[in-house]
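Letters go in sequence order (proteins before strands), and every chain restarts at 1.
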Number of protein chains: 2
Amino acid sequence: MSDVNSECRPTTDRMPGLTATLVFTLGTLGTVATDRFTRALDAFDLGLKPKHVALLVTLGAGAAASQQELAGRMGVAPSLVVSLTDHLEQLGAVQRVRDPQDRRRQVLTLTTVGRRLVERCEAAGRALDDELAAPLTPDQRAALAQALRLLADQVGLP
Amino acid sequence: MSDVNSECRPTTDRMPGLTATLVFTLGTLGTVATDRFTRALDAFDLGLKPKHVALLVTLGAGAAASQQELAGRMGVAPSLVVSLTDHLEQLGAVQRVRDPQDRRRQVLTLTTVGRRLVERCEAAGRALDDELAAPLTPDQRAALAQALRLLADQVGLP
DNA sequence: TATTGTTATACTCTATAACTATA
DNA sequence: TATAGTTATAGAGTATAACAATA
């Protein structure tokens with residue numbers, strides 16, 4: 001059993017400490033990931049932010065949903081769903097349809113334009129993945145993806 | 001009436017798409033992780049945010065550094081390092097010492113109090129890890145930790 | 001003149017609270 | 001009266017730009 005990388009340390013003895021922690025490393029890598037994803041979205045020049053994409057993905061993950069339900073699933077305020085939806089509706093990516101059973105509800109649906117948009121984001125994401133996962137072996141990358149998915153499922157993420 | 005938008009199919013067919021992507025999953029899990037870490041820090045009641053801890057960790061990772069160097073390593077504005085350092089200095093966790101060679105530079109050093117503080121954060125982090133990694137086997141957890149460390153190293157994170 | 005740290009200001013993101021229309 | 005969505009307002013977090021001290 002070869003020890004995991006315990007060489008190549010700086011001369012100053014540093015304890016692994018927080019950097020060996022999942023929460024800390026996930027947090028820091030997470031901001032790097034969303035920063036890069038944000039820049040990729042900027043290149044689309046559609047005024048999209050990661051939260052817009054998160055809404056599309058959340059919408060695509062389940063059945064069509066009201067804005068309140070979306071807010072609940074995404075863990076954001078209902079007022080934020082309003083502005084995100086405003087923008088996405090302007091782009092033609094989602095549609096607001098009044099629920100005839102309860103005319104207070106706006107049921108959101110993903111349009112063909114929206115699905116194509118998600119596919120563009122997906123392609124951009126795969127390109128970013130290849131940069132990011134460059135130092136990983138295929139096996140390591142697969143194990144990482146599997147573990148992340150398990151964590152995401154556990155915390156109720158799409 | 002026949003608004004032919006293309007929801008001939010129910011949108012219940014799953015979209016592995018972006019959710020199978022590292023950037024997207026890292027991003028969403030990253031916000032969950034920092035949210036939880038933020039709440040753990042709140043319990044300390046010291047007014048600490050994850051960025052304060054990131055500064056301590058960055059400082060502990062290398063030799064003592066000037067505020068500009070810290071800003072560079074952390075990828076934040078120098079003015080942010082000022083306010084973070086102000087707070088950490090008030091807590092006695094770091095010390096500002098003028099560099100005699102270049103009296104413009106404020107060299108920051110981690111104090112014993114600061115090191116103890118990092119240890120408390122580390123303990124909190126390990127507790128959060130156990131919750132988060134609950135659905136993972138020990139092997140999966142180790143593989144995840146190793147892969148995340150490789151990614152963190154690649155992007156220059158502590 | 002250029003650079004370090006600081007201060008002042010502005011911007012982005014998001015939440016809370018007030019409002020409207022339906023129920 | 002209570003709830004879905006909207007609008008208005010406020011707060012947190014961070015960056016940019018102006019400023020002071022030192023090089």
Side-chain angles (χ1 to χ4, degrees), chain A residues 27-28 30-39 41-42 46-55 58-59 63-90 94-109, chain B residues 27-28 30-39 41-42 45-55 58-59 64-90 94-109:
Chain A
T28 51
T31 59
V32 171
T34 55
D35 280 356
R36 295 191 182 192
F37 192 59
T38 301
R39 275 199 304 266
L41 289 179
D42 284 345
L46 296 171
L48 290 178
K49 301 292 176 188
K51 281 266 149 73
H52 292 106
V53 180
L55 193 154
T58 307
L59 200 51
S66 75
Q67 299 185 190
Q68 295 274 350
E69 289 165 336
L70 264 296
R73 287 192 212 162
M74 294 175 63
V76 301
S79 60
L80 180 57
V81 174
V82 173
S83 55
L84 295 174
T85 303
D86 283 348
H87 193 90
L88 290 170
E89 196 179 32
Q90 264 189 322
V94 302
Q95 265 188 334
R96 277 193 244 239
V97 180
R98 285 253 171 236
D99 182 350
Q101 315 301 331
D102 182 346
R103 293 189 44 72
R104 291 171 304 181
R105 290 163 48 92
Q106 298 265 44
V107 173
L108 302 191
T109 58
Chain B
T28 51
T31 59
V32 170
T34 55
D35 280 355
R36 295 192 183 191
F37 191 59
T38 302
R39 275 200 302 266
L41 289 179
D42 285 344
D45 213 39
L46 295 172
L48 290 178
K49 301 293 176 186
K51 281 264 149 72
H52 292 105
V53 180
L55 193 154
T58 307
L59 200 51
S66 74
Q67 298 184 189
Q68 295 274 350
E69 288 166 337
L70 264 296
R73 287 192 212 163
M74 295 175 63
V76 301
S79 59
L80 180 56
V81 175
V82 173
S83 55
L84 294 173
T85 303
D86 284 348
H87 192 91
L88 291 170
E89 195 179 32
Q90 266 189 322
V94 301
Q95 263 187 335
R96 275 192 245 239
V97 181
R98 284 251 171 239
D99 181 350
Q101 315 301 332
D102 182 347
R103 293 188 45 73
R104 291 171 304 181
R105 290 162 48 92
Q106 298 266 43
V107 173
L108 303 190
T109 58

Nearest 0.5 Å please: distance from the OG1 atom of B/T85 over to the NE2 atom of B/H87. 11.5 Å
Extract from the structure each pairing of a protein N or O with an N or O of nucleotides 2-6 of chain D at less than 3.5 Å, listing the distance.
from	atom 1	to	atom 2	distance (Å)
D/dT3	O4'	A/R104	NH1	3.3
D/dT3	O2	A/R104	NH1	2.8
D/dG5	OP1	A/Q67	N	3.1
D/dG5	OP1	A/Q106	N	2.8
D/dG5	OP1	A/Q106	O	3.1
D/dG5	OP2	A/Q68	N	2.6
D/dT6	OP1	A/R96	NH1	2.9
D/dT6	OP1	A/Q106	NE2	3.3
D/dT6	OP2	A/Q67	OE1	3.0
D/dT6	OP2	A/Q67	NE2	2.6
D/dT6	OP2	A/R96	NH1	2.8

Flag yes if more than 12 heavy atoms outside A/R103 fall under 6.0 Å of its CZ atom; otherwise flag no. no
Out of curiosity, A/K51 NZ to A/L88 CG, how far, rounded to the nearest 0.5 Å? 13.5 Å
When rounded to whole Å, the CG to P distance for the pair A/L80 and D/dT9 reads 19 Å
Contacts of A/D42 that satisfy side-chain hydrogen bond (donor to acceptor under 3.5 Å, both in side chains) - sequence neighbours left out: none
Rounded to whole Å, NE2 of B/H87 lies from C1' of D/dA12 at a distance of 15 Å
So OG of B/S79 and CD of B/Q67: to nearest 0.5 Å the spacing works out to 10.5 Å
Does anyone know the first and last nucleotide of DNA chain C in reach of chain B, 5' to 3', at under 4.0 angstrom to a heavy atom? C/dA2 to C/dT7
Considering just the side-chain nitrogens and oxygens of B/K51, establish if one lies under 4.0 Å of OP1 or OP2 belonging to D/dG13. no
More 5' along DNA chain C: A/P100 or A/S83, using each one's nearest nucleotide? A/S83
Taken to the nearest 0.5 Å, the spacing of B/T58 OG1 from B/L84 CG works out to 10.0 Å
Quick one: pull up CG in A/L80 and CG in A/L70 and give me the separation to the nearest 0.5 Å. 11.0 Å
If we only count heavy atoms from C-beta on, is the B/L108 to B/R96 side-chain gap below 4.5 Å? yes
